[in-house]
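All figures in this text were calculated on a predicted structure; none of them were measured in a lab. Along the sequence shown, residues are numbered consecutively beginning with 1.
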Amino acid sequence: RFFQEEKYRHETVKTNVVFEGDQVTGLREKIPSDHPPKPNVFTFSRPVFDLTTALLWVRSQPLASGDTESLVVWASNAPYLATVTVLGRGTLRINGQNQNAIKLDLKLKRIDKKMQLKDHKLFKGGRGWLSDDDKRIPLRIEADIFIGGANKASVLRAVSEEYLRR
């Protein structure tokens, strides 16, 4: 079960997702709204991961250079095919410190109601770096996200500061 509440100036968005065996049901409610929320039901014969569990699963894999892992994830209120490719190993400089890291590439394709893969409208691609040790701590995550006009893109970064303070 996953619950998320987003508060904006003029509305609140509540997302409730239930994972049950071979089925995931997502309900996204906007408040205020003139329309009742409709559940989004996705049935699949293999496991469907939330984003956090997907990251934990990828971290547990051997992650040799060139390895590719494909898994179905539930993000926001829809299913996606996530393909993670290990680009290699190297060092990443964060806050003046060199960290041994595993570099990953991420591609997402939306899975529509007919089980066809479609390009994500906003997410163009992503990269992530995990510490190259037995902890595999996420060090940096970057995402290319479409914002505004046709030629604009923004890179979002997140860094695990806690790992660097040890």
Side-chain angles (χ1 to χ4, degrees), residues 1-88 102-130 136 138-159:
R1 180 172 281 265
F2 171 80
F3 177 77
Q4 177 177 317
E5 185 172 318
E6 305 163 60
K7 293 187 178 194
Y8 302 101
R9 181 179 290 169
H10 299 290
E11 73 179 0
T12 299
V13 179
K14 294 181 179 182
T15 304
N16 194 5
V17 182
V18 178
F19 296 83
E20 299 175 299
D22 65 350
Q23 180 175 298
V24 179
T25 303
L27 188 65
R28 192 169 176 97
E29 178 182 13
K30 293 184 179 182
I31 303 167
S33 175
D34 296 336
H35 309 295
K38 283 180 33 182
N40 185 6
V41 179
F42 177 69
T43 303
F44 198 65
S45 61
R46 298 207 175 167
V48 177
F49 296 89
D50 64 68
L51 291 175
T52 303
T53 308
L55 177 59
L56 291 172
W57 186 82
V58 167
R59 288 173 57 201
S60 73
Q61 301 307 302
L63 301 180
S65 289
D67 281 359
T68 299
E69 302 290 340
S70 295
L71 54 153
V72 176
V73 298
W74 187 272
S76 185
N77 199 35
Y80 294 88
L81 176 66
T83 304
V84 178
T85 303
V86 180
L87 297 178
I102 303 168
K103 185 176 182 182
L104 307 172
D105 178 70
L106 172 64
K107 302 287 185 227
L108 283 181
K109 294 280 189 178
R110 184 174 56 84
I111 303 172
D112 71 10
K113 296 287 185 193
K114 296 179 182 178
M115 299 297 283
Q116 301 295 311
L117 298 178
K118 304 291 183 183
D119 287 337
H120 193 291
K121 292 178 182 176
L122 301 177
F123 182 86
K124 300 305 175 193
R127 291 148 309 284
W129 289 261
L130 301 176
R136 300 253 175 105
L139 297 173
R140 176 176 288 158
I141 299 171
E142 298 179 353
D144 300 321
I145 298 175
F146 179 81
I147 298 174
N151 294 322
K152 295 181 182 176
S154 176
V155 175
L156 304 179
R157 291 187 176 166
V159 178

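With values rounded to the nearest 0.5 angstrom, Lys30 atom NZ is found 12.0 Å from Thr12 atom OG1. The distance from the CG atom of Leu63 to the OG1 atom of Thr85 is 11.0 Å, given to the nearest 0.5 Å. From Leu108, atom CG reaches atom CG of Leu51 across 8.0 Å, with rounding to the nearest 0.5 Å. Of the inter-residue distances, the one linking Arg136 atom CZ with Leu55 atom CG reads 11.0 Å to the nearest 0.5 angstrom. The CG atom of Leu81 sits 7.5 Å away from the CG atom of Leu71 when rounded to the nearest 0.5 Å. Note: Ile102 CD1 to Arg59 CZ = 10.5 Å, rounded to the nearest 0.5 Å.
At least one side-chain heavy atom of Leu117 sits less than 4.5 Å from a side-chain heavy atom of Ile111. The closest side-chain heavy-atom distance from Asp22 to Ser45 is not below 4.5 Å. Residues Asp50 and Trp74 have side chains not in contact (no heavy-atom distance under 4.5 Å, counting atoms from C-beta outward). Annotation: side chain of Val72 is not in contact with side chain of Arg46 (no heavy-atom distance under 4.5 Å).
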From CA spacing to verdict: side chain to side chain contact (heavy atoms under 4.5 Å, CB included), Asn16, Phe3: CA-CA 5 Å; Asn16 194 5; Phe3 177 77; 4.2 Å; yes
Derivation and outcome, side chain to side chain contact (heavy atoms under 4.5 Å, CB included), residues Leu106 and Phe123: CA-CA 10 Å; Leu106 172 64; Phe123 182 86; 3.9 Å; yes
Leu130 vs Leu139, side chain to side chain contact (heavy atoms under 4.5 Å, CB included): CA-CA, chis, key distance, verdict: CA-CA 5 Å; Leu130 301 176; Leu139 297 173; over 6 Å; no
Side chain to side chain contact (heavy atoms under 4.5 Å, CB included) evaluation trace for Val58 with Leu104: CA-CA 10 Å; Val58 167; Leu104 307 172; 4.3 Å; yes
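Minimum interatomic distance between Asp112 and Lys114 (heavy atoms only, all atoms of both residues): OD1-N, 2.9 Å. Looking at every heavy atom in both residues, Asp105 comes nearest to Gly126 through OD1-O, 3.4 Å. Closest approach of Val48 and Val73 over heavy atoms only: CG1-C, 4.2 Å. Between Pro39 and Thr25, the shortest heavy-atom contact is CB-CG2, 4.0 Å. Closest of all the heavy-atom pairs between Ala64 and Val86 is O-CB, 3.3 Å. The shortest heavy-atom contact between Ser65 and Gly88 is OG-CA, 3.4 Å.
The only member of Lys124, Lys107, Arg127 that meets salt bridge (charged side-chain N to carboxylate O under 4.0 Å, His left out) when paired with Asp144 is Arg127. The side chain to side chain donor-acceptor pair (under 3.5 Å) test with Thr15 is passed by exactly one of Glu5, Gln4, Arg28: Arg28.
Residues that satisfy the ring-ring contact (aromatic ring centres under 6.0 Å, His included) test with Phe44, not counting sequence neighbours, are Phe42.
Ion pairing of Arg110 with Asp119 is absent here, as no side-chain N (NZ or NE/NH1/NH2) approaches a carboxylate O to less than 4.0 Å.
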